Structure formats: C-alpha cells, structure tokens
Amino acid sequence: MTGAGEDWLSDGLDVVGADSGLWVPGVDYVAGWREARESADRLNRALLATGFELSMVRAVASTDESGRGVVRVAGWPAGVDRLAGLLESVADGDGGAA
C-alpha cells in the first residue's frame, strides 16, 4: 500500500515503536504481521478514498512480543485531528462529512 509516492514510509513519521527491539526465537512474527498488514492496507485504502494523504496519517502493521498482529495509526497532529473529526462526525450520525 503506497500513498502519493513510493517514498511515503520515509517522509519523517517515525513509525518504529517500542516493540521493534529483540525478537523471541520460535515466535511466528510473520503470520501476525501478515494479518496486521491486511488490516492496515484496508484502513489505508479507506483513508485514501476519503481524501487523506498517507504522508499525513496512515495505518502501520506490526506485531507484539508474542507475535500477534498489531495495527497502529501514525500521523502528524493535523492529519490525526482531521481523522478524529471524521470519526466524530460518523459517530454523530451526520454521514461522515469532514
């Protein structure tokens, strides 16, 4: 899943979390990451469809220490505020107008 360009992952958003350290031998991190990647891609497609740039806010696939998939939302404050406004408007029942 890419955004406006192929270098969207290196646009300054630090998406490396505390779980990026040591891996435990024998834990299948790949399966959890694949599941998280599918969900992150789905959310990123939805973000793109609603006019977001993935350089402002995006879903990032990861795993926890036990190998379970984790999806994090990473973004600049302005992008996250815009996403929060969209979600609030959907929750309020006005059809998602942002």
Side-chain angles (χ1 to χ4, degrees):
M1 173 62 45
T2 59
E6 290 300 316
D7 56 340
W8 65 276
L9 279 175
S10 60
D11 59 10
L13 288 176
D14 180 13
V15 296
V16 177
D19 64 330
S20 64
L22 300 174
W23 286 14
V24 177
V27 175
D28 184 5
Y29 293 98
V30 176
W33 180 84
R34 283 184 182 143
E35 180 182 14
R37 179 61 187 231
E38 289 175 13
S39 296
D41 283 352
R42 182 177 179 203
L43 180 54
N44 284 331
R45 284 191 300 273
L47 289 167
L48 288 169
T50 55
F52 284 90
E53 293 288 331
L54 295 184
S55 62
M56 287 294 293
V57 64
R58 67 173 163 267
V60 180
S62 185
T63 61
D64 69 5
E65 63 278 351
S66 66
R68 289 180 300 180
V70 175
V71 177
R72 292 180 170 82
V73 175
W76 297 110
V80 174
D81 284 343
R82 184 171 162 223
L83 177 58
L86 176 65
L87 294 172
E88 289 167 349
S89 67
V90 170
D92 291 340
D94 69 0

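Values below: all heavy atoms of this structure, side chains included; hydrogens, waters and symmetry mates excluded. Predicted model, so just to flag it, every value in this text is computed and none were measured.
Between Tyr29 and Glu65, the shortest heavy-atom contact is OH-O, 3.2 Å. Met56 approaches Gly79 most closely through the heavy-atom pair CE-N, 3.5 Å. Between Ala40 and Ala61, the shortest heavy-atom contact is CB-N, 4.0 Å. In plain terms, the two heavy atoms of Thr63 and Val70 that are nearest each other are C-CG2, 4.0 Å. Of all heavy-atom pairs spanning Ala36 and Gly69, the tightest one is CB-CA, 3.8 Å.
Between Leu83 and Thr50, every side-chain heavy-atom pair lies at or beyond the 4.5 Å cut-off. Using a 4.5 Å heavy-atom cutoff, the side chains of Glu35 and Glu38 are not in contact.
In the hydrophobic clustering of ILVMFWY residues, with side-chain heavy atoms under 4.5 Å counting as a link, Val57 and Val71 come out apart. Val60 is not connected to Val30 by any chain of hydrophobic side-chain contacts under 4.5 Å among Ile, Leu, Val, Met, Phe, Trp and Tyr, and they are in different clusters.
In this structure, CG on Leu48 lies 11.0 Å from CZ on Arg58, to the nearest 0.5 angstrom. With values rounded to the nearest 0.5 angstrom, Leu54 atom CG is found 5.0 Å from Asn44 atom CG.
With sequence neighbours excluded, the residues that form a salt bridge (Lys or Arg N to Asp or Glu O under 4.0 Å) with Arg68 are Asp64. Shown here are the side chain to side chain contact (heavy atoms under 4.5 Å, CB included) partners of Asp81, two or more places apart in sequence or in another chain: there are none.
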